[in-house]
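What follows is one structure encoded as structure tokens, with my remarks underneath.
Note on naming: letters A, B, ... go to the chains in the order of the sequence lines (proteins, then strands), and numbering restarts at 1 for each one. Bear in mind the structure is a predicted one, so any value in this text is a computation, not a measurement. Note that these values count all heavy atoms, side chains included, but never hydrogens, waters or copies made by symmetry.
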Amino acid sequence: MHMKLSNYFLPVLKENPKDAQIASHRLMLRAGMIQQSSAGIYSWLPLGLKVLSKIEQIVREEQDKAGALEIKMPTIQPAEIWQESGRYDDYGLEMLRVKDRHDRDMLYGPTNEEQVTDICRTHIRSYRSLPLNLYHIQWKFRDEVRPRFGVMRGREFLMKDAYSFDNSAEAARVAYNKMFVCYLKTFARMELTAIPMEADTGPIGGDMSHEFIILADTGESGVYFHKDWMNKNLVADIDYDADLEPVIKKFTELYARTDEKHEPDNCPIDVSELIQKRGIEVGHIFYFGTKYSHAMGASVSGADGKPVDLHMGSYGIGVSRLVGGIIEASHDEKGIIWPESVAPFTVAIVNLKPGHGTADALSKKLYDAAIMNGHDCLYDDSSESAGAKLATMDLIGIPWQLVLGPRGLEKNIVELKHRKSGKTIEITAELAYSFISSKGSLTLPETA
RNA sequence: CGGAGCGUAGCGCAGCCUGGUAGCGCACUACACUGGGGGUGUAGGGGUCGCAGGUUCAAAUCCUGCCGUUCCGACCA
């Protein structure tokens, strides 16, 4: 959605907020994306919400393509279903418990296995209705002892959670593989290198649990992986109907583990090939079998007419965490460097001197062209000083910036800056017009 | 939950030790000059000093309790 800066709400900060220790938190506050409400709980301001929504939409599109069906489950859940699964007492203080006016025990959902199992046990009666994968994108709450790192470790957070239902472990593996591939595609669209790492499977065991980790110096967990990961192409152009086992093998054969799974003494690869870095978990997929279906009586009739407990898997992506994660992976001393797919605006028109006839006219012409051609465009028509405008554009990380003012326009010159490469080129007003009039993604024009 | 900080204007801070008219920078308002990397000047507005007790003639300052928040650790998507 296009926007004139004079009509926008973009409360940027020149100084660093003292509470923000890491880059993403600091930059999100400075760029006017979020405002802290209380520890680990944030309001999302227009710019931040725009990014959050774009990430959410990419996640949604990829889930849909993988055959998952979107639902929406409540944030407030009844205690009963958690008592059924046995987790009401197990979960501890991380679960925010509340009572309604009738003194019934309720809770703000930290996750939704019980809720989705309840849906399926009600409506799925036959193995012929399977496989099924239901997902939702919803706010969750975990009363973390120590929230930190801004939205990366908040108490309230937006998650995508998918839940698969099958009538056997073998069938569940197919569902698992689809989500594995779906995650590769999802993170690739955000220009992230998310390495699937073996994760703890808990009491279920087996090899069906992976955490998707992006590398960042400020990551919360230490990770160990084979050096060949650094050059591996994680973009997966794969048909979901194909046999995915070879694909999964290809992406899991190289060593990659988080520090809790890595045993230096038993590491299968040589130290010379091992890289140690820090990472941020942005996704987690795992198979947990019949844990909840059994406890909650969610079974279907099998082909032989006998009941069989549903085999379930769950697949999470931290949507709000990704906003911080992407910034951690992509920023410099001036501010955020958004990948175009999630940038709040893909292109900005910076009018250095509003009120100047030629500058106003060209800005308007470029802005209209951007709108006509479907570009998410921010038009800076404010009366800030030139330096402040340019600093703000870099801070909020606009990928393409068209800068124009009286000085350049005397020679018919507009400046085009590419935030990611740092390249700035001078182009004619006409070339600027054709640049912003192009369909699809913007590319650096060939200069004559 | 263990350990350590910090709460003074929207933001960042000084003042507290040694009690006596609440300050600075940024931001904000008005005007002027400016305008190619957070510009300059002039004139303004804005604070029950986190809350509650206590000591004192007098508390931002000293004492006690509480609350909030941040960092390190343990824990976690």
Side-chain angles (χ1 to χ4, degrees), chain A residues 11-22 25-26 29-30 32 35-41 91-95 109-113 138-162 183 194 197 199-200 209-214 219-221 258 260 279-286 314-322 324-325 333-335 350-356 359 380 382-396 401-411 413-417 422 424 426:
Chain A
V12 298
L13 306 172
K14 202 192 286 192
E15 289 172 292
N16 281 326
K18 70 165 175 180
D19 288 344
Q21 299 300 315
I22 65 165
H25 190 195
R26 190 173 66 238
L29 289 165
R30 285 197 52 210
Q35 178 171 326
Q36 181 163 337
S37 170
S38 60
I41 302 178
Y91 218 89
L93 293 171
E94 279 202 355
M95 184 153 79
T111 182
N112 295 75
E113 281 84 2
Q138 181 62 286
W139 291 95
K140 299 185 165 191
F141 193 91
R142 289 186 194 169
D143 201 357
E144 295 279 349
V145 195
R146 193 186 155 203
R148 65 184 111 170
F149 303 149
V151 299
M152 296 224 291
R153 176 86 187 275
R155 291 194 291 175
E156 189 180 54
F157 52 96
L158 188 63
M159 282 285 290
K160 184 284 297 181
D161 274 287
Y183 276 37
M197 303 203 179
D200 209 349
S209 176
H210 288 90
E211 293 180 359
F212 285 76
I213 306 253
I214 58 175
E220 59 190 335
S221 42
T258 58
E260 61 250 8
I280 300 163
E281 181 185 345
V282 290
H284 191 179
I285 60 178
F286 62 102
S314 100
Y315 315 91
I317 289 180
V319 176
S320 51
R321 166 177 281 195
L322 270 169
E333 67 287 344
K334 289 178 180 166
V350 183
N351 184 350
L352 291 176
K353 193 174 170 89
H356 182 275
D380 184 353
S382 71
S383 54
E384 285 291 316
S385 72
K389 285 171 180 255
L390 297 170
T392 296
M393 288 302 154
D394 282 351
L395 173 63
I396 67 176
Q401 302 167 22
L402 280 167
V403 180
L404 57 104
R407 190 178 302 176
L409 289 181
E410 276 175 28
K411 292 175 288 182
I413 282 174
V414 174
E415 234 175 58
L416 174 61
K417 175 167 181 178
T424 301
E426 294 192 338

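Counting to the nearest Å, the C1' atom of B:G3 and the CZ atom of A:Arg146 are 11 Å from each other. The distance from atom NZ of A:Lys334 to atom P of B:G37 is 11 Å, rounded to the nearest whole Å. If you measure from atom NZ of A:Lys14 to atom C1' of B:A27, you get 8 Å, rounded to the nearest angstrom. Regarding A:Lys353, its NZ atom lies at a distance of 10 Å from the P atom of B:G36, rounded to whole Å. In this structure, A:His210 places its NE2 atom 16 Å from P of B:A77, rounding to the nearest Å. A straight line from NE2 of A:His25 to C1' of B:C11 spans 14 Å, rounded to a whole angstrom. Nucleotide B:G73 holds its P atom 15 Å from the CD atom of A:Glu144, rounded to whole Å. Atom CD of A:Glu15 and atom P of B:G25 are 12 Å apart (whole Å).
If you check B:A77, B:G37, B:U70 against the side chain of A:Asp19, the one that comes closest is B:U70. Relative to the side chain of A:Leu352, the nucleotides B:G36, B:G39, B:C72 differ in distance, and B:G36 lies closest. Of the candidates B:C76, B:G36, B:G37, B:C76 carries the atom nearest the A:Glu220 side chain, counting heavy atoms from C-beta on.
Residue contacts for A:Gly283: at a heavy-atom cut-off of 4.0 Å it reaches no nucleic acid atom on any strand shown. Nucleic acid contact for A:Gly405: base, since at least one base atom lies under 4.0 Å from a heavy atom of the residue. A:Val282 comes within 4.0 angstrom of no nucleic acid atom, judged by non-hydrogen atoms across all strands. Among the protein residues, A:Gly154 comes within range of the nucleic acid bases, having at least one heavy atom under 4.0 Å from a base atom. Within the nucleic acid shown, A:Glu384 comes within 4.0 Å of at least one base atom, counting heavy atoms only. Within 4.0 Å of A:Lys417, counting heavy atoms only, lies at least one base atom of the nucleic acid. In this structure, A:Asp394 reaches the bases: a heavy-atom distance under 4.0 Å links it to at least one base atom across the strands shown.
For B:A52, the paired nucleotide is B:U64, the pair qualifying as Watson-Crick or G-U wobble because both relevant distances are below 3.5 Å. Pair assignment for B:C17 gives none, since no Watson-Crick or G-U wobble pairing has each distance under 3.5 Å. Across all strands shown, B:G37 forms no Watson-Crick or G-U wobble pair with both distances under 3.5 Å. Base pairing of B:C75: no nucleotide in any strand meets the Watson-Crick or G-U wobble criterion (both distances under 3.5 Å). In this structure, B:U29 and B:A43 make a Watson-Crick or G-U wobble pair, each of the two defining distances being under 3.5 angstrom. Across all strands shown, B:U70 is found opposite B:A4 as a Watson-Crick or G-U wobble partner, with both distances under 3.5 Å.
Each of A:Arg30 and A:Glu156 was matched to the nucleotide of RNA chain B holding its nearest heavy atom; the match closer to the 5' end belongs to A:Arg30.
Between the base of B:G38 and the side chain of A:Thr392 there is a donor-acceptor pair shorter than 3.5 Å.
Side-chain nitrogen and oxygen atoms of A:Lys18 include none within less than 4.0 Å of the OP1 or OP2 phosphate oxygen of B:C6. Residue A:Arg407 places at least one side-chain N or O under 4.0 Å from the OP1 or OP2 atom of B:G36. In this structure, A:Gln36 reaches the B:U70 phosphate: one of its side-chain N or O atoms is under 4.0 Å from OP1 or OP2.
Looking at every heavy atom in both residues, A:Gly283 comes nearest to A:Tyr183 through CA-CE2, 4.1 Å. The shortest heavy-atom contact between A:Met152 and A:Gly324 is SD-C, 3.6 Å.
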